[in-house]
Structure formats: C-alpha cells, structure tokens
Number of protein chains: 2
Amino acid sequence: MSKNLVGNHIRKLRFNHHEMTQQQLADKVGVTRQTIVALEKGNYSPSLELAFRIALAFGLPLEEVFFYGDHPKE
Amino acid sequence: MSKNLVGNHIRKLRFNHHEMTQQQLADKVGVTRQTIVALEKGNYSPSLELAFRIALAFGLPLEEVFFYGDHPKE
DNA sequence: TTTGAATGTAAAATAAACTTGACATGATGT
DNA sequence: ACATCATGTCAAGTTTATTTTACATTCAAA
C-alpha cells in the first residue's frame with residue numbers, strides 16, 4: 001500500500017548518459033546494489049541525503065533525477 | 001555520530017516569506033510538529049518525499065529549501 | 001494573574017529505508 | 001559445456017525517520 005509518489009530516472013540515466021552498472025552506481029554513492037534495484041523499481045523513495053548523492057553521481061541537479069508525482073520533469 | 005550532511009532553510013522560510021507556524025507547516029505537509037522541529041534542528045534529513053512536499057508548501061524548488069553539504073545555495 | 005499560542009525537549013513505539021547474504025536467470029564469451 | 005557479469009528477487013536484520021505522548025518555557029493577550 002501507500003503508493004510511492006516519488007519517481008526517478010535512474011535507470012535511464014545509468015544507461016544513456018553514463019554506461020554505469022547498478023553495482024558501480026551503488027559503490028559510487030555508497031549503498032548496496034539492492035538499494036539501487038529497489039529505487040529503480042520504485043519500491044520506495046530514498047532518503048534526501050541519498051537522493052543528493054545520486055544526483056551528484058550523475059552530475060545533475062536533484063530534480064532532474066527525481067520528481068514528485070507522475071511528472072517526469074518534461 | 002554520523003553527521004547529517006543535508007541542511008535546510010525551513011525556519012528562515014517559515015518566518016520570512018510565509019509567516020507560518022511549525023504546526024501549520026506540519027499540517028500542510030502531513031507530518032507532526034515534532035518532525036518539523038527535528039528538521040529545523042538538523043537532527044536528521046527527511047525522506048525525499050517529505051522534502052518535496054515541504055518545498056511545495058513554500059512554492060519553491062527543492063534545492064532552494066534543502067542543500068547538500070555546507071553550501072546554502074547562495 | 002491566568003490563559004492560550006508557539007516553541008523546545010525527550011522517551012518509547014512504529015514505519016520506512018537500507019544492509020546482508022543467498023540463490024536464480026539470461027546474455028556473452030571461451 | 002563452463003564461467004562470468006549484470007540483473008532480479010526474497011527474507012531477516014539493523015538503522016534512521018516519523019509518531020505519539022507528555023511536560024516545560026516564553027510571550028502576548030484578556
């Protein structure tokens with residue numbers, strides 16, 4: 001229950017821009033691969049701190065990686 | 001231990017722009033007052049979802065309310 | 001001087017994020 | 001055929017966010 005209202009572009013970014021594996025991203029931001037899997041699947045939304053680190057890993061502002069609602073920022 | 005690396009401008013925003021009480025903000029974003037207190041004190045960083053809701057309550061982009069590191073965005 | 005708002009603080013409980021470890025699958029290459 | 005790498009999944013455990021309850025303080029208003 002209790003829908004997750006936060007979405008993200010992690011998977012897309014990982015492939016398109018950065019050719020990164022789940023494990024590599026996980027290492028880069030300091031979590032386990034399972035966490036990345038869960039986030040890509042939309043199981044839950046990360047802590048704000050982790051969100052910042054992931055955005056940083058992609059060199060993007062947080063709001064270009066994560067969005068609120070079903071509003072993929074364009 | 002384990003420093004919190006995420007900072008915010010909640011208190012400032014609450015006073016300056018919006019004349020909002022802790023309770024009002026809490027209600028508006030759907031948490032308890034204690035949560036707001038803890039965030040203002042920097043006890044921990046919120047979930048990404050809550051961060052989005054708070055930013056929304058102020059009508060600001062997330063990164064103008066929360067910042068990573070000791071970098072109050074300008 | 002009492003009453004009521006706004007805030008600070010703090011402990012115990014629940015929920016959500018995150019870890020650890022393990023096993024399964026499909027693809028790729030040898 | 002075997003090995004490896006990237007991914008998916010699942011259960012149990014730890015840590016962190018959030019709630020609930022409760023009490024103390026300051027200040028302004030009646």
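- Thr21(A) has a side-chain polar atom (N or O) that falls below the 4.0 Å cut-off from OP1 or OP2 of dT7(D).
- Between the Arg14(A) side chain and the Met20(A) main chain, a donor and an acceptor come within less than 3.5 Å of each other.
- Within the structure, a side-chain polar atom (N or O) of Gln22(B) is placed less than 4.0 Å from OP1 or OP2 of dG8(C).
- Near-neighbour residues of DNA chain D inside residues 33-50 of chain A, defined by a heavy atom below 4.0 Å, number-ordered: Arg33(A), Gln34(A), Val37(A), Lys41(A).
- Distance Leu25(A) CG to dC5(D) C1': 17 Å, rounded to the nearest Å.
- When the local axes at the two ends of the helix from dT1(C)-dA30(D) to dT30(C)-dA1(D) are compared, using 5 base pairs at each end, they differ in direction by 30° after rounding to 10°.
- Look at CD1 on Ile10(B): it is 14 Å from C1' on dA17(D), rounded to the nearest Å.
- When the P atom of dG8(C) is taken as reference, atom CD of Gln23(B) falls 13 Å away, rounded to whole Å.
- The six-membered or imidazole ring of Phe66(A) lies away from that of His9(A), with a centre-to-centre distance of 6.0 Å or more.
- What separates CG of Asp27(B) from P of dT18(D) is a distance of 16 Å, to the nearest Å.
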Identify each atom pair where a protein N or O and an N or O of nucleotides 25-30 of chain D are less than 3.5 Å apart, giving names and distance.
none

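- In this structure, CG of Leu5(A) is placed 13 Å from P of dA16(C), rounded to the nearest angstrom.
- Phosphate contact (OP1/OP2 of dA6(C), side-chain N/O of Arg11(B), threshold under 4.0 Å): absent.
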Start with the C-alpha gap between Tyr44(B) and Leu48(A), add the side-chain angles, then the distance that decides, and say whether side-chain contact (heavy atoms from CB on, under 4.5 Å) holds.
CA-CA 10 Å; Tyr44(B) 47 71; Leu48(A) 179 55; over 6 Å; no

